[in-house]
2 protein chains.
Amino acid sequence: MATLGDLERAVMNVLWESDAELSANALRDRLVELPADDSGPGGSDRREIATTTMLTVLSRLESKGFVTRSRDRRPHLYRAVTSRADHTAELMHEVLGASPDREAALARFVGSVSPTEAETLRKLLASRG
Amino acid sequence: MATLGDLERAVMNVLWESDAELSANALRDRLVELPADDSGPGGSDRREIATTTMLTVLSRLESKGFVTRSRDRRPHLYRAVTSRADHTAELMHEVLGASPDREAALARFVGSVSPTEAETLRKLLASRG
DNA sequence: CTCGTTCTTCTACAGAGCGTAGAACAAACC
DNA sequence: GGTTTGTTCTACGCTCTGTAGAAGAACGAG
């Protein structure tokens with residue numbers, strides 16, 4: 001699967017969280033008023049982003065298959081192709097698939113999840129047939 | 001966590017599979033006689049790699065914390081810091097951690113593993129307390 | 001101790017990916 | 001039709017990675 005850059009990921013997060021079709025400018029607006037994942041001391045809000053930058057990023061995301069675009073209306077509208085949960089699950093499979101010792105990796109993985117999540121996993125597996 | 005390039009990953013795979021300390025040249029030798037993950041039609045074996053290339057890659061892997069190096073003997077010897085299983089499990093956590101909807105992602109994940117692996121997971125979770 | 005060999009470090013470059021955005025072009029609105 | 005709004009084309013700089021030569025350091029032979 002194609003990987004995502006920082007801005008690309010931020011854009012996808014906005015699309016994933018507001019499960020809707022959005023224009024480039026709407027996306028930009030929601031993006032700038034976001035924590036921006038900086039966590040550094042001092043200002044942490046994202047710099048203003050040019051409209052063309054948004055459009056470039058969205059075009060690339062379209063090429064990569066992460067978004068679809070409605071071209072029939074004038075501000076083109078963008079929508080995430082998959083849910084973030086699906087995307088995450090796919091990534092987990094990808095990471096795991098690269099490893100010949102899948103079992104051992106799975107063992108380490110379940111050995112290091114929180115008890116709460118272990119319980120969640122048990123339930124999920126129980127209801128699976 | 002730092003990411004790995006193709007060659008870096010190939011080197012790590014050799015180190016992981018032969019759980020031992022190896023010199024740059026020994027690594028190179030094992031590398032060239034490997035399938036090289038190409039799967040394309042025609043020749044798929046890896047091109048010869050210069051010794052200095054190996055050393056550069058290994059230095060970078062050391063900086064990234066993936067290998068340690070014994071500097072006391074003359075051909076320096078390199079060893080993987082973590083097992084591949086640990087590395088894979090860490091990556092899975094990283095992928096998952098990026099997602100606020102962890103539960104949903106886990107659900108998709110366990111929903112798409114093979115029945116055999118589902119069984120494996122059940123056992124692992126059962127023996128976990 | 002000196003010389004050649006072996007090994008390592010330093011430096012460098014090219015290609016790809018990504019953030020960035022201006023310039024130019026197209027559409028829509030008044 | 002001209003202004004405003006939106007899109008595409010083109011492009012540049014930065015970082016990462018694969019690549020490796022040139023230069024320096026250590027080591028064994030004699």
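Residue numbers begin at 1 in each chain, while the letters A, B, ... track the order of the sequences. Keep in mind that what you see is a predicted model, and the values were worked out from it rather than measured.
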Nucleotide N/O of nucleotides 5-11 of chain C paired with protein N/O under 3.5 Å:
{"from": "dC7(C)", "atom 1": "O3'", "to": "R74(B)", "atom 2": "O", "distance (Å)": "3.1"}
{"from": "dT8(C)", "atom 1": "OP1", "to": "R74(B)", "atom 2": "O", "distance (Å)": "3.0"}
{"from": "dT8(C)", "atom 1": "OP1", "to": "H76(B)", "atom 2": "N", "distance (Å)": "2.5"}
{"from": "dT9(C)", "atom 1": "OP2", "to": "R69(B)", "atom 2": "NH1", "distance (Å)": "2.7"}

Within this structure, what is the [atom1]-to-[atom2] distance between [X] and [N], rounded to whole angstrom?
| X | N | atom1 | atom2 | value |
| --- | --- | --- | --- | --- |
| E8(A) | dT20(C) | CD | C1' | 13 Å |
| I49(A) | dG19(C) | CD1 | C1' | 9 Å |
| E48(A) | dA21(C) | CD | P | 9 Å |
| L7(B) | dA16(C) | CG | P | 17 Å |
| D72(A) | dA27(C) | CG | P | 14 Å |

- Query: Heavy atoms, side chains only, cut-off 4.5 Å: are T53(A) and R28(A) in contact?
  - Reply: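 Sidechains of R28(A) and T53(A): no contact.
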Lys/Arg-Asp/Glu bridge criterion (N-O < 4.0 Å) met for [X], [Y]:
| X | Y | answer |
| --- | --- | --- |
| E62(B) | R71(B) | yes |
| E90(A) | R108(B) | no |
| K64(A) | E8(A) | yes |

- Message: Looking at D29(B), I want to see if its CG is surrounded by more than 12 non-hydrogen atoms of other residues, nucleotides or ligands under 6.0 Å.
- Response: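 It does: D29(B) CG has more than 12 such atoms within range.
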- Message: Take a 6.0 Å sphere around CG of D72(A) and say whether it holds more than 12 heavy atoms from other residues, nucleotides or ligands.
- Response: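 Enclosed.
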- DNA chain D: 5'-most and 3'-most nucleotides touching chain B, 4.0 angstrom heavy-atom criterion: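 Nucleotide range in contact with chain B: dT17(D) to dC27(D).
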- Task: Please determine, by modelled atom types, if R69(A) and S59(A) share a side-chain donor-acceptor pair under 3.5 angstrom.
- Result: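 A pair is found: one side chain offers a donor N or O, the other an acceptor, under 3.5 Å apart.
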- Item | Linked, directly or transitively: L77(A) and V67(A) (ILVMFWY side chains, under 4.5 Å) |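 Unlinked, L77(A) and V67(A) end up in two clusters.
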- Query: Through what angle, rounded to 10 degrees, does the axis of the helix from dC1(C)-dG30(D) to dC30(C)-dG1(D) turn between its ends, using five pairs per end?
  - Reply: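 Nearest ten degrees gives 0° for this helix.
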- Task: Taking only the side-chain nitrogens and oxygens of T53(A), find out if one of them lies under 4.0 Å from OP1 or OP2 of dG19(C).
- Result: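 No, outside the criterion.
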- Query: Should the pair F109(B) and H93(A) be assigned to parallel (<30°), tilted (30 to 60°) or perpendicular (>60°) ring geometry?
  - Reply: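 The rings of F109(B) and H93(A) sit tilted, inter-plane angle from 30° to 60°.
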- Task: Hey, could you give me the CZ/CG distance between R84(B) and L15(B), rounded to the nearest 0.5 Å?
- Result: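 One gets 10.5 Å once the value is rounded to the nearest 0.5 Å.
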- Item | Short side-chain to backbone donor-acceptor contact, E103(A) and T120(B), under 3.5 Å |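 Judged by distance alone, no pair lies under 3.5 Å.
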